[in-house]
Amino acid sequence: MTTPTKAILTFDNGAAPIELPVQAGTYGPDVIDIRALNQHGYLTYDPGFMSTASCTSGISFIDGEAGVLYYRGYPIEQLVQHADFLEVAWLLLFGELPLPAEKADFSQQVRRNAMLHDQINNVFRGFRRDAHPMAVMVGVTGAMSAFYHDSSDVFDAASRVQTAVHLIGKVPTIAAMSYKYNMGEPFVYPQYQLGYAENFLHMMFSTPCESYEVNPVLARALDRIFILHADHEQNASTSTVRLAGSSGANPYACIAAGMASLWGPLHGGANEAVLKMLAEIGDVSRIPEFIERAKDKQNPFRLMGFGHRIYKNMDPRAAFMRQTCHEVLEELDLVDDPLFRIALELERIALQDEYFIARKLYPNVDFYSGIVFRALGIPPSMFTAIFALARTVGWVAQWNEMLADSSHRIGRPRQHYNGATRRDYVPEHLRGA
Ligand code: SDX
């Protein structure tokens, strides 16, 4: 059936119908343009934005029923196999795969922007050593707004690209420094000659006391994990960055807001929660008990790493995370890792259970990532920090796309008011009379 050109809203009280334009996208549901509704005295009501397209974007596309994810039209399964993270970062930012010279120049720019202003080391010192790395990342990334003024003109395209290079270069350094600070170990400076994922592992795990060689298999696995987490349409944290950025706010403060949203256990914090859940299950024999808890409406427990607002089929990223998990465990001779065994069995049982089948609940990107990170020696408190490191590329690409659109406006949702009717002030001595 062809896309309709308009939708006609009729009312059962005889009010005149309202005609609203309908637009088709490249893929995905047609959209009904409701912008004219408020002129007729109506608003739409959609808490959680289950049926709302908040913007037009060409950066990524998810087909939840088919379990498909494209970055600028390229299937995630091709990018994760053939591309590297900085190539994908260029693609998300500029819309095309980079030419060799573009890729070399961009990689060089990002590498040479990996070091932080040395004064920022003092910002870390303000935190308790046991602060959660995400608390430190949110704080330090926000503090970048007090340091990098060469990229604060958000309405200038070149300035926005400089912002992107600063963030893509420096967020891994902030993440690694958050870990070192938490561990009480000295900060490790980036090495410009290292690759992106290689440099991150170097900053995380090398110490002044011995030489540290990055395992190239693990670095490649981490680079793929960064690609899988880079962008994902208008998820909660990306929508946070867009709304904050729509006012023209400082970009580093906007990215810090995105990190804060991602930290939530229902969003990017799920990978840490998955590992805690697998450890609590402890043995495959206890899986049925936890499946029953997840199905019990009286019990707030949910199977962490399962379900998704859009994917009603396997999250394509989860399949690659499972494969990467197996490769890393094999490289490290940990294929009998008990948590991996429990995860595989939990997935198998859940996918056969009517409750999960009826609700189309499948493993999502967070289900296996925690096991991989743990095998890489990364503590659970750093899992979301790594998700934030990778998603920074998507956030800054979406922020840039929004501000490059001259028709963009400050985001200002309305509400459905259900509060008190108008009433007069009651002096204190008459209250409760
Ligand atoms: C990410 O948006 C993105 O793109 C996010 C992300 C990205 O890349 O940015 O993909 C990253 O956030 C992945 C999701 C990580 N979160 C988790 O794994 C936490 C566990 N999953 C959920 O809490 C839940 O599935 C959500 C939050 C992911 C989705 O929530 P929705 O879309 O609001 O779904 P829902 O809560 O309306 O659930 C529908 C039904 C409910 O049952 P009924 O009321 O219909 O009987 O499914 C049930 C829910 O109770 N359900 C689950 C469940 N997830 C949903 N039941 C048990 N375990 C679960 N995990």
Side-chain angles (χ1 to χ4, degrees), residues 28 46-54 57 59-65 67-71 76 80 92 134 225-242 258-278 281 287 289-321 343 346-347 349-351 353-371 383-384 386-395 397-398:
D46 185 18
F49 309 117
M50 306 279 283
S51 301
T52 294
S54 61
S57 177
I59 295 177
S60 58
F61 174 74
I62 302 167
D63 179 334
E65 291 302 327
V68 158
L69 170 59
Y70 296 150
Y71 286 170
I76 190 69
V80 81
L92 291 172
M134 280 306 290
I225 290 169
F226 291 164
I227 291 172
L228 291 170
H229 287 79
D231 195 58
H232 213 239
E233 288 192 3
Q234 305 310 315
N235 56 83
S237 54
T238 298
S239 298
T240 300
V241 171
R242 276 184 173 260
M259 288 180 178
S261 171
L262 185 75
W263 191 8
L266 294 185
H267 190 7
N271 47 23
E272 186 176 351
V274 168
L275 212 68
K276 283 182 188 147
M277 176 187 72
L278 293 173
I281 292 172
I287 289 174
E289 170 197 334
F290 281 78
I291 294 269
E292 289 313 307
R293 274 176 59 187
K295 294 157 59 174
D296 176 1
K297 288 303 166 198
Q298 306 314 310
N299 190 324
F301 173 76
R302 285 193 162 185
L303 216 49
M304 301 314 282
F306 263 77
H308 199 275
R309 170 62 54 78
I310 300 174
Y311 287 123
K312 301 311 172 190
N313 199 322
M314 185 73 170
D315 179 338
R317 302 168 299 175
F320 274 96
M321 284 307 302
L346 178 58
E347 177 184 358
I349 295 174
L351 294 184
D353 185 290
E354 185 44 41
Y355 173 93
F356 291 87
I357 294 170
R359 291 165 180 78
K360 299 184 177 180
L361 301 176
Y362 292 87
N364 57 50
V365 69
D366 288 306
F367 187 62
Y368 285 100
S369 55
I371 303 168
F383 292 178
T384 308
I386 291 176
F387 195 150
L389 180 167
R391 187 53 59 87
T392 292
V393 167
W395 290 331
Q398 298 268 353

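One-based numbering, in listed order, for ligands and for the atoms of each.
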Review point. How far apart are the C-alpha atoms of Arg391 and Met259, what are their side-chain angles, what is the distance that settles it, and do they pass the side chain to side chain contact (heavy atoms under 4.5 Å, CB included) test?
Key: CA-CA 9 Å; Arg391 187 53 59 87; Met259 288 180 178; over 6 Å; no
Exercise for review: Evaluate side chain to side chain contact (heavy atoms under 4.5 Å, CB included) for Phe383 paired with Ser369, printing each intermediate quantity in order.
Suggested key: CA-CA 8 Å; Phe383 292 178; Ser369 55; over 6 Å; no
Practice item. Taking the six-membered ring for Trp and the single ring otherwise, decide whether the centroids of His308 and Phe367 are under 6.0 Å apart. Key: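 No; Phe367 has its ring centre 6.0 Å or more from that of His308.
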**Study point:** 4.5 Å side-chain heavy-atom contact, Ile225 and Met321
**Key:**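 Ile225 vs Met321: side chains touch.
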**Study point:** Ring geometry between Tyr311 and His232 (parallel below 30°, tilted from 30 to 60°, perpendicular above 60°)
**Key:**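 Tilted: the ring planes of His232 and Tyr311 meet at 30° to 60°.
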Exercise for review: With sequence neighbours excluded, tell me which residues meet side-chain contact (heavy atoms from CB on, under 4.5 Å) with Ala350.
Suggested key: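 With sequence neighbours excluded, Ala350 shows a side-chain contact (heavy atoms from CB on, under 4.5 Å) to Ile291, Leu303, Phe306, Phe356, given in chain and number order.
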**Study point:** Sub-4.0 Å heavy-atom environment of ligand 1, residues by chain
**Key:**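 Around ligand 1, where the cutoff is 4.0 Å for heavy atoms, the contacting residues are His232, Asn235, Leu266, His267, Ala270, Ala294, Lys297, Arg302, Leu303, Met304, Gly305, Phe306, Gly307, His308, Arg309, Arg317, Tyr355, Arg359, Leu361, Asn364, Asp366, Phe387, Arg391.
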